[in-house]
Every structure is written in C-alpha cells, then in structure tokens.
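The next block holds one structure in the form of structure tokens; read it before the comments.
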Amino acid sequence: MMNFEYYCNTKMIMGAGKSKEIGNILSDIMEPHSKIMIVCDPGVMKAGLIAPIKKHLEETGYNVILFDQVSQNPRDNECLIGAEIFRKEQVGCLIAVGGGSPMDTAKAIALLGPNGGTPEDYVEGKKAYKNVAPVICIPTTAGTGSEVTRSSVITLASSHKKITLKHALLRPTVAILDPVLTTTVPKSITAATGVDALVHAIEGFTCKVTNPISQAMGASAMATIVEYLPKAYENGEDLEARYKMQEGSLLAGLCFGSADVAAVHCLAEALGSLYDTPHGIANAVFLPYVIQYNSTENKPLHAKLARIMNFAEKNDTDEEAINKLVNHLYDFTNRLGIPTLKEISYVKEEDFDIMAELAEQNNSTPSNVRTITKADYLKILKAAF
C-alpha cells in the first residue's frame, strides 16, 4: 500500500475573457486602493497584454506598479530587485502575467519581499518559508503549470546554476486561465511550451514519488495535450484548441506539482544553466531520448503511457506499445518543429560532461523511474546530438 499526500489550495478560474474580471476577483483578497505589483517580461508588455489588465485593476481602485525585469530564465538578482520594490512600495499582492518566468519570479518576490534574504537562503534552509504574499497567476502560454505548483525555479546570476524554491506556501492564491490571452503566442512557443506540459504529465505520472491523484491528473493531461497541441500549433486562433491546451497544462501542473519531475527536466535545466535555453525548448529536445532510456524499466507502465496517448492499441503487447510510444514521440516533436540538440547552434559537444554532471546533481534525478547516472546522462546527450 502507498502512503501519499496531495494538496493544492489554489483557486482555479478558467474561461474565455476571465482575465477581464481581475478587479472583482482581487476584491476577495485585497482591500481597494491597495498596491498591486504586476510581474511580467518585456515580451508580454510588447504584446499588449498588460495594459488591459492594468486598466481593469485601476478602474476597480487599485494602485498598480509594473515590474517587467524578468529574463526567460529568471535570475536571483531580478527577484531581489523586485523584493526591494515590494518593500519600498508596501505592495500587498502580486499578479504574474506571462509564462513560467514571470510566475516563478512573482513567487520568489512574494517570499523575499516580506521576509528578506536571498533565494539560496531558503534552498539551503537558512531562512524559513513564511509570510508569503498573495500571488495571482494569469498564464499567457499553455505549458508551465506554475500557476498551481509549489515551485519557483531561479537561476543564480553569478554561476548560472538553477535552484528551486519549493514549499506549499508558494502555491498561488488564484490562477486565472483565459485562453484568449494565448491566441497570439507564436507557433514555436506554442510547440515548446505544449511539449513542456506533456513532459510534466509524463514525469509526474511515472516518477518514483507519484501517487494515484497525480496519475489521474497526468493521464487526462497527456490525452488532452496529444490531441490538441497539433491543432493549436497549426491554427493559433483555434480557441477550442487553446482552451484545451490550457486545461491540459493545468492538469499537468497539478500532476507533477504534488509528485516530481525527473530526468528530462534534469537535462533541460542543465542545458538552460549553461546556455540560457528557454525551458520549454530544452524539455522538448530531450523528451523522446529520455523516454527511450526509461522504457526498459517498468514496461507495463510505459505501455500504459502509449495507450493513454493513443499511440498504441489496447491489444498491442507491451513491447509493441513501447516501440510505438518511442517512435510516436520522435515523430510528434518533429512535426511540431522542435529542433534537435545539434540544431541549437550554440550547443557544444565539449560541454556535455559538465551538463551530465549538472543533471546528475539535480534534486529530481532520484525521482526518475529508472536509476540514472552521469554516464547515462552523457549517453543520452550524445544520442540527442
């Protein structure tokens, strides 16, 4: 029998146009005339997604401060700047608008602003997680799942090492999923973030610390993403496909958020540490290769994955189903225009050793369904290249 816990205290609101109700939604959390910090990145600002949200907030009586100093892999020094502004302006609540980077940054600011210290202080246990400010997340991509997770991945500016703040108090207070905000996302980002969500579902479903609730969420997410990601990729204005992708991403976040990720993420974070590769692309690049490595362990589990994603028939043997799983994932990522590792021009083969070492050191390596070492990571890197 399995002992497990599942907890998520985030209120989830989903529907086309729901982001326009931000003022009324916020009124259940903050008093009027409170100071609100919107956390975003320059791309979201340029896309014109912030101005309407800011307008809705100001019309409801809130004072809004904009913080758009967020990199595609958020840095600890950016979080510290945001925390200083939080304290100086006496901010009461944060609203993250964008992909995983603004959401992870907002979570870090919500922790550092009231409590001080650096992200490393919390990872190393020098400071306790407490007094976290309310965070509302409005994702503009379908992939990260950060709007419902307890994690915030931050890159140390001095060393490029990625660290993960992780605590139940970091779960956002509210997640507002408005598929209309995702309709202008470029095809390449739609593909990369969508495969990122698929990785969350697969790893949360198969990892050594999974549980029945996570697996239920993950199974639904996988089936949804495989069906609707190609549709959203081909036609970005297909609102049904965009809605279903946000649903799939949300379920994938709920899947791994109370379980863990595994080797795909370990390699992706190593790649991102060295080259600042966007997280979604990094995950998508490695997915088929890690699945091929993992599929020799717990074959019934991997055969089940193939059937959940409709890559295999019910009457296929486990071996047949696994072969179809691996082949379909290679084909799936290829049709979505995901580059190979070699096609990412700045990646150097001489860096593979350090990448394999960083992957092995990742806290999620022990969660991988198949035991994996630095030597194994090195083989996967070479195969992907």
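For the pair L111 and K127, the minimum side-chain heavy-atom distance is 4.5 Å or more. Here the side chains of D351 and V347 are not in contact, with every heavy-atom distance at 4.5 Å or above. A heavy-atom distance below 4.5 Å is found between the side chains of I176 and I22. Between M37 and V39 there is a side-chain heavy-atom pair separated by less than 4.5 Å. A heavy-atom distance below 4.5 Å is not found between the side chains of I338 and I281. Within the 4.5 Å cutoff, the side chain of F256 has no heavy atoms near those of the V199 side chain. Here the side chains of I291 and L325 are in contact, with some heavy-atom distance below 4.5 Å. Side chains of T193 and H279 form no contact here, defined as non-hydrogen atoms less than 4.5 Å apart.
The ring pair (Phe, Tyr, Trp, His ring centres under 6.0 Å) check on H56 picks up nothing, with sequence neighbours excluded. Applying the ring pair (Phe, Tyr, Trp, His ring centres under 6.0 Å) criterion to Y122, with sequence neighbours excluded, gives Y129.
In this structure, Q72 contributes its side chain and D276 its backbone to a donor-acceptor pair below 3.5 Å. Proximity of a side-chain donor or acceptor of D68 to a complementary backbone N or O of C40 within less than 3.5 Å is not detected. For the pair T210 (side chain) and C207 (backbone), a donor-acceptor distance under 3.5 Å is absent. Checked by atom type and distance alone, the side chain of D331 never pairs as donor or acceptor with a backbone atom of N327 at under 3.5 Å. Side-chain atoms of R87 come within 3.5 Å of backbone atoms of L112 as a donor-acceptor pair (strictly under, hydrogens ignored). At distances below 3.5 Å, at least one donor-acceptor pair connects side-chain atoms of E203 with backbone N or O atoms of A262. Between the S273 side chain and the H160 main chain, a donor and an acceptor come within less than 3.5 Å of each other. For E297 (side chain) and R370 (main-chain N/O), no donor-acceptor pair under 3.5 Å exists by modelled atom type. Between the R242 side chain and the E237 main chain, no donor and acceptor come within less than 3.5 Å of each other.
K107 and S146 form a side-chain donor-acceptor contact under 3.5 Å, judged by distance and modelled atom types alone. For N73 and T155, the side-chain atoms include no donor-acceptor pair closer than 3.5 Å. Between the side chains of Y377 and E357, no donor-acceptor pair of N or O atoms lies under 3.5 Å. Between the side chains of E147 and T10, not a single donor N or O lies within less than 3.5 Å of an accepting N or O. Remark: the N362 side chain and the H265 side chain contain no N/O donor-acceptor pair separated by less than 3.5 Å. A donor-acceptor contact closer than 3.5 angstrom is absent between the side chains of N298 and H302.
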| said: Determine whether T182 and Y243 satisfy the following criterion, side-chain hydrogen bond (donor to acceptor under 3.5 Å, both in side chains), listing intermediate values before the conclusion. | reply: CA-CA 9 Å; T182 70; Y243 178 99; over 6 Å; no
| task | Step by step, work out the salt bridge (charged side-chain N to carboxylate O under 4.0 Å, His left out) result for E124 and K126. | result | CA-CA 6 Å; E124 295 172 358; K126 295 177 182 177; 3.1 Å; yes
| task | Test side-chain hydrogen bond (donor to acceptor under 3.5 Å, both in side chains) on D178 and S19 and set out the steps. | result | CA-CA 6 Å; D178 183 347; S19 62; 2.7 Å; yes
| task | Starting from the C-alpha separation in whole Å, work towards a yes-or-no answer on side chain to side chain contact (heavy atoms under 4.5 Å, CB included) for Y289 and L341. | result | CA-CA 11 Å; Y289 299 93; L341 190 60; over 6 Å; no
| query | Can you check side-chain hydrogen bond (donor to acceptor under 3.5 Å, both in side chains) on D196 and H200, steps first, answer last? | reply | CA-CA 6 Å; D196 185 19; H200 291 154; 3.2 Å; yes
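In this structure, Y6 is not a member of the same hydrophobic cluster as L170, with clusters built from ILVMFWY side-chain heavy atoms closer than 4.5 Å.
Residue pairs that meet the side chain to side chain donor-acceptor pair (under 3.5 Å) test with at least one member in residues 23-45, sequence neighbours left out, are K35-E89. Pairs of residues two or more places apart, or lying in two chains, that qualify as side chain to side chain donor-acceptor pair (under 3.5 Å) and include a residue from residues 214-229 are N211-S214. Within the structure, side chain to side chain donor-acceptor pair (under 3.5 Å) pairs that include any residue of residues 248-262 comprise R171-S258, D260-S364, D260-S367 (at least two apart or interchain).
Of the options T190, I189, V44, a side chain to side chain contact (heavy atoms under 4.5 Å, CB included) to T141 is made by I189 and by none of the others.
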Kindly list each side-chain donor-acceptor pair under 3.5 angstrom involving residues 305-314, sequence neighbours excluded, with atom names and distances?
| residue | atom | partner | partner atom | Å |
| --- | --- | --- | --- | --- |
| R307 | NE | E313 | O | 3.4 |
| R307 | NH2 | D316 | O | 2.7 |
| R307 | NH2 | D318 | OD1 | 3.4 |

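Note on K55 versus E58: no salt bridge recorded, every NZ/NE/NH1/NH2 to OD/OE distance being 4.0 Å or above.
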